[in-house]
Enquirer: 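Sharing a structure, written as structure tokens. Questions coming.
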Amino acid sequence: MRHQFVKLYQGGLAYRGERIVNWDVAAQTTLSELEIDREERKGQMSTLRYQLADPATPASNGEAGEILIATVRPETIFADQAIAVHPDDERFRHLIGLQARIPLTKRLIPIIADEAVEMGFGVGALKITPAHDPTDFEIGERHGLARPSVIDLNGNLTSDLVPEAFRGLERFAARKAVVKALEAEGALVEQKDHVTAIGISERTKVAVEPIVSTQWFVNMKPLAARVLEGLDAGDMKLLPERYTKVNRDWLENIRDWNISRQLWWGHQIPAWYDEEGKVYVPSLQNPDLDCDQDPQYAHLTLRRDPDVFDTWFSSNLWPFSTLGWPDLASEDFQKFYPTQVLVTGYDILFFWVARMQMAGYAQTDRAPFERIMLHGLYLDEKGQKMSKSKGNGIDPLELFGQYGVDASRFAFAFLSTGGQDIKHDPRRYEQGRNFANKLWNAARFATLNFQKADEAGLLGESGTDDAQMVFKRYVHHALYERSDDPIRSRDALAQVKAQPELLTLADRWIISRLDAVTREVSGLLDALDIGAAIRALYSFTWDEFCDWYIEAAKPALQEGRLGTLVTVKAVLEHILKLLHPVMPFVTSELYQSLGHRRQLAVHTWPEGDDSLHDDEATRAFETLRAAVSAARSLKNELGLSPQERLNIALDGEKAGVVLDNRAVVEGIARVNLVPSLEGRTLSAVEAGLSVLAPLEGTVDIADWLGKQKKRLTELDKQISQAQGKLGNAGFVARAPAEVIEEEQRRVQDFSAQKVRLEAVLAQF
RNA sequence: GGGCGGUUAGCUCAGUGGUAGAGCAUUCGCUUCACACGCGAGAGGUCGUAGGUUCAAGUCCUAUACCGCCCA
């Protein structure tokens, strides 16, 4: 911080000067623009009558010999230095350069013209009080006006300019007293309600008082310009991209930064003053040497500035002060700077991010980071910002206690999308908790099956010539804690995939899906889309791995099939690795329970492997899923309980695939596949497949027929829609070939379904 | 005044120009040998409104209404 300040000061970018600053009368300190909230408050706008020096002057916005001005702060009239009008305002043109008298004290002030005056505001003319308003301060600077103050640091009226009756009055009490006096004198023309945006101290909630004071500032324009160049050059990318404009706009309209604070805590400013008030700051060569210890100043009596730095003046050093700066040759700095990604909420884009950008270039001549990911704010259940004063905060520790840390992390991640704010929703934590539980139970299922296989002697190590020994060891490893894996799960997958005779269709399917999901998740994380990544993992783990794969694997596991044991272990371990960043605790625990001692966090991240791809298995398994769903649906229709077995028959061109894997379908859906059925049948019609069931049990035929007719209408609609597209010359000419083929496929598929459905309905 | 985001199922929200999705809630069935924090089968949206672009729009463009945020 010292180095930063010295470098800025010696480079002419930090300076001490008299400026208008925001004063917090409660905290007794200055505030930066960012520490102030704007609030709309009801107040009064007063129109005041100022007498012109020459009573014969023609009328402008009032009677002859007077000018009316509008103000929301009548108590500051004693510090007035001018009346300002817009140079183009016809009403006042003849008054520019003349003089008017402040009411009550009758002091003369000039009438000036300045573009900053809004012609439409109030009565067109404003009193200019440079010491008590930032805009007035600027106008005063342009016109060389003095800036006497009439309000002290406690917010009370003070100064010889103020009539004795008002001296010492608190600013808001003074306002009332002055208005009363103005009214008595006939200087108050009118007072009407007016809503003004006023500055409120974020911390003390007190109205900020603009005062003129000598403070330390940083000249921001050159620093901001360097960042803008960097943004142009693409040194830093913001995510979401729309914040780039916000970032730029702020930098382009930046004002000098008041960095000195009158607080007891904080880093004291390394500046000293001699008895004449001259400033001494350490040299660039030896920034750590206090000036009052510096032999070259031994002849002087130096006093250190009691003020401290604004807290962000240290925070902005974070990207490099953590890496060895100011030693730019340090190992950490060389290796890690610029950092790859900064993750933070968009609400501190100006406070922190922009200042790190400026400090980065100023101190290291480089951008501090490559990517800036701005996430949304976590809001309460009603969508309001959490704040101490509102008392609507949510204690994360309570949530952790209630749902678990992993469940909470899951909730944050699942809800995060593109920098959108997040509304608190306990249901998302329940979802996370349930998911952790699901994962736990899936792992338990796996371990139980490994144990069963071991007990059945399937994992025995006798016969070292066994070509499958490596797979046996791989599964066996899950049952005992060892320091290293005999084989990594990614290698196990690749090797077992190379021996298709070991695998079932379900195994090949889940391995192929795992590969696709691994790539998808890696890509999403690279793009910093954590929400999409966790959503993909959630649905893969629950809907595909647990609901379909584990169920489909049960028959093979009953048989003690080695390839399936390997697949279960390897896929589960992969899932644990992919989930680990979001749910570190449960995944670590489960990973260790599978025989690993090494921390999951230090494992390599799973990568895609083309050899795991299996489109044929994917398509075939989709057919099995359709068959199972259709069979279950029929059982529901027939009012059968899940454990009652139903005889079903198949129809359609994909029936063969189902028959090849009949154990899976019969096991999951609890049905018996029979070659054909006697008598009338119900059917569930799917793409390429119909599942037929005998008409028995408690089925409501009318209800079923109604549904099927609706389905038939739906099929007709789909067919005619697709045919309509194919009959459209524009579509055929311009749509991509895949899309056209897809429509053709749909026509065929729906037509085939229609034929099969009609055949079944013909029985009734 | 300027800028940004949002508006999709009852609720909270995803959605990449090509057949609208999730969790919860809801209806029906199930203690099926990992899990009732569970399993299965359902029901439920003309994607704020009005135009436009396109073979094709929840998605792109314009306007507009409402909600919210930032800056002045």
Side-chain angles (χ1 to χ4, degrees), chain A residues 33-34 38 118 120 134-135 197 240 242-243 245-246 249-250 253 346-347 349-350 376-377 379 381-385 403-404 407 411 414-449 452 524 527 529 531-532 534-536 538-539 542-543 546-547 550-551 553-554 557-558 568 628-645 667-670 684 707 714 717-718 721-722 724-736 738-740 742-743 746 749-750:
Chain A
E33 299 290 328
L34 295 174
R38 295 271 153 199
E118 273 183 65
T135 312
R242 63 173 183 275
Y243 283 110
K245 191 169 173 288
V246 181
D249 288 351
W250 191 74
N253 298 304
Y346 66 74
D347 57 329
L349 175 58
F350 306 141
L377 306 185
L379 308 175
E381 273 168 291
K382 291 177 193 155
Q384 297 169 315
K385 238 189 241 186
Y403 301 101
F414 198 91
L415 289 169
S416 76
T417 45
Q420 285 314 335
D421 288 349
I422 293 170
K423 215 188 281 191
H424 178 65
D425 185 352
R427 293 174 300 185
R428 215 47 77 179
Y429 291 76
E430 282 170 24
Q431 189 181 356
R433 182 199 58 192
N434 294 352
F435 185 48
N437 187 249
K438 188 76 178 174
L439 197 61
W440 182 271
N441 280 300
R444 199 160 73 101
F445 170 84
T447 306
L448 286 172
N449 278 281
K452 267 195 257 171
L524 289 168
D529 193 344
I534 189 65
R535 285 189 291 271
Y538 175 83
S539 104
W542 197 309
D543 303 338
C546 291
D547 285 353
I550 286 183
E551 293 306 318
K554 281 176 180 174
L557 290 170
Q558 289 288 339
V568 167
V628 169
S629 291
R632 284 167 170 169
S633 185
L634 283 172
K635 286 183 72 173
N636 252 284
E637 205 77 58
L638 291 163
L640 298 178
S641 70
Q643 62 269 43
E644 288 179 90
R645 296 197 85 91
I668 301 181
R670 285 165 201 269
K707 281 185 197 163
E714 183 64 21
K717 198 178 130 198
Q718 302 275 16
Q721 250 177 25
K725 281 190 188 179
L726 291 167
N728 179 335
F731 176 76
V732 179
R734 297 180 201 224
E738 312 91 72
V739 176
I740 295 171
E742 174 69 11
E743 290 301 323
R746 292 183 68 194
D749 185 39
F750 291 137

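Naming convention: chains lettered A, B, ... in sequence-line order (proteins, then strands); numbering from 1 in each chain. Just so it is clear, the structure is predicted and the values come from calculations on it, not from any experiment.
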Enquirer: Taking atom P in both rG58(B) and rU16(B), compute the distance separating them and give it to the nearest angstrom.
Expert: 13 Å
Enquirer: Distance between the C1' atoms of rC24(B) and rG2(B), in whole angstroms?
Expert: 40 Å
Enquirer: For each nucleotide in nucleotides 8-21 of chain B, reading 5' to 3', give B when a protein heavy atom comes within less than 4.0 Å of its base, S when such contact involves only the sugar-phosphate, and - otherwise.
Expert: ---BBSS---BB--
Enquirer: So which nucleotide from rC70(B), rC33(B), rC35(B) ends up closest to the side chain of N441(A)?
Expert: rC35(B)
Enquirer: Without decimals, in angstroms, what is the distance between K452(A) NZ and rA34(B) P?
Expert: 7 Å
Enquirer: At 4.0 Å (heavy atoms only), tell me whether F435(A) reaches a base, stays on the sugar-phosphate, or touches nothing.
Expert: nothing
Enquirer: If I take atom CG in residue N253(A) and atom P in nucleotide rG2(B), what distance separates them, rounded to the nearest angstrom?
Expert: 16 Å
Enquirer: Rounded to the nearest Å, what distance is computed from the CD atom of residue Q643(A) to the P atom of nucleotide rC33(B)?
Expert: 10 Å
Enquirer: So what does the secondary structure string of RNA chain B come out as, 5' to 3', with Watson-Crick or wobble pairs under 3.5 angstrom, [ ] for crossing and | for pairs with another strand?
Expert: (((((((..((((....[..)))).(((((.......))))).....(((((..]....)))))))))))).
Enquirer: Drop me the distance from F414(A)'s CZ to Q431(A)'s CD, to the nearest 0.5 angstrom.
Expert: 4.5 Å
Enquirer: Counting only side-chain heavy atoms from C-beta out, which of rC28(B), rC70(B), rC33(B) sits nearest to N636(A)?
Expert: rC28(B)
Enquirer: Using heavy-atom distances to pick each residue's nearest nucleotide on RNA chain B, tell me which of I550(A) and F350(A) is more 5'.
Expert: I550(A)
Enquirer: With rounding to the closest Å, how many angstrom separate the P atoms on rU7(B) and rU59(B)?
Expert: 11 Å
Enquirer: If I pick the P atom on rU32(B) and the same atom on rC11(B), what distance separates them, to the nearest angstrom?
Expert: 36 Å
Enquirer: Just wondering, are more than 12 heavy atoms of other shown residues or ligands nearer than 6.0 Å to CH2 in W250(A)?
Expert: yes
Enquirer: Looking at V732(A) and I740(A), what are the two nearest heavy atoms and their distance?
Expert: O-CD1, 3.4 Å
Enquirer: Could you tell me whether the phosphate oxygens of rC39(B), OP1 or OP2, come under 4.0 Å of any side-chain nitrogen or oxygen in W542(A)?
Expert: yes
Enquirer: Using 30° and 60° as the class limits, which term best fits the ring planes of H424(A) and Y429(A): parallel, tilted or perpendicular?
Expert: tilted
Enquirer: I'd like the C1' distance from rU53(B) over to rC60(B), given in whole Å.
Expert: 8 Å
Enquirer: Looking at K554(A), I'd like to know whether one of its side-chain N or O atoms comes within less than 4.0 Å of OP1 or OP2 on rU32(B).
Expert: no
Enquirer: Nearest whole Å is fine: how far is rU46(B) C1' from K717(A) NZ?
Expert: 11 Å
Enquirer: I need the K554(A) NZ to F445(A) CZ distance, nearest 0.5 Å.
Expert: 5.5 Å
Enquirer: For K438(A) and rA36(B), is the shortest distance between a side-chain N/O and OP1 or OP2 below 4.0 Å?
Expert: no
Enquirer: If you check every side-chain atom of R242(A), which of rC4(B), rC39(B), rG23(B) has the closest atom?
Expert: rC4(B)
Enquirer: What pairs with Y243(A) under ring-ring contact (aromatic ring centres under 6.0 Å, His included), at least two apart in sequence or on another chain?
Expert: Y346(A)
Enquirer: Starting at atom CG of L349(A), determine the distance to atom P of rC71(B), rounded to an integer number of angstrom.
Expert: 10 Å
Enquirer: At under 4.0 Å between heavy atoms, what does S629(A) touch on the DNA or RNA strands: base, sugar-phosphate, or nothing?
Expert: sugar-phosphate
Enquirer: State whether E743(A) and R746(A) are salt-bridged, where the test is any N-O pair (Lys NZ or Arg NE/NH1/NH2 against Asp/Glu carboxylate O) under 4.0 Å.
Expert: yes
Enquirer: Do you know which two heavy atoms are closest between D421(A) and L377(A), and how far apart they sit?
Expert: OD1-N, 2.9 Å
Enquirer: If we ignore angles and hydrogens, is there a donor and acceptor under 3.5 Å between the side chains of Q420(A) and T417(A)?
Expert: no
Enquirer: Between rG15(B) and rA57(B), how far apart are the C1' atoms? Round to whole Å, please.
Expert: 14 Å
Enquirer: Work out which heavy atom in I550(A) is nearest to a heavy atom in A442(A); give both atom names and the distance.
Expert: CD1-CB, 4.1 Å
Enquirer: Please report the distance separating the P of rG5(B) from the corresponding atom of rU46(B), rounded so that it comes out in whole Å.
Expert: 27 Å
Enquirer: Atom CG of L634(A) and atom P of rG40(B): how far apart are they, to the nearest Å?
Expert: 17 Å
Enquirer: Counting the atoms with a prime plus P, OP1 and OP2 as sugar-phosphate, which does D249(A) contact under 4.0 Å by heavy atoms, base, sugar-phosphate, or nothing?
Expert: nothing
Enquirer: Starting at atom OH of Y346(A), determine the distance to atom C1' of rC70(B), rounded to an integer number of angstrom.
Expert: 8 Å
Enquirer: Whole angstrom is fine here: how far is it from CD in E551(A) over to C1' in rU32(B)?
Expert: 9 Å
Enquirer: Just to confirm, is there a sub-4.0 Å distance from OP1 or OP2 of rA56(B) to any side-chain nitrogen or oxygen of N728(A)?
Expert: no
Enquirer: Assign each of S633(A) and R433(A) to its nearest nucleotide of RNA chain B by heavy atoms, then name whichever residue's nucleotide is nearer the 5' end.
Expert: R433(A)
Enquirer: Would you name the heavy atoms of E381(A) and P426(A) that are closest together and state the gap between them?
Expert: OE2-CD, 3.7 Å
Enquirer: At their closest point, which heavy atom of A669(A) faces which heavy atom of K635(A), and how far apart are they?
Expert: O-NZ, 3.3 Å
Enquirer: Could you work out which one of rA41(B), rA34(B), rG29(B) sits closest to the side chain of F445(A)?
Expert: rA34(B)
Enquirer: Quantified in whole Å, what is the C1' atom distance between nucleotide rG40(B) and nucleotide rA20(B)?
Expert: 24 Å
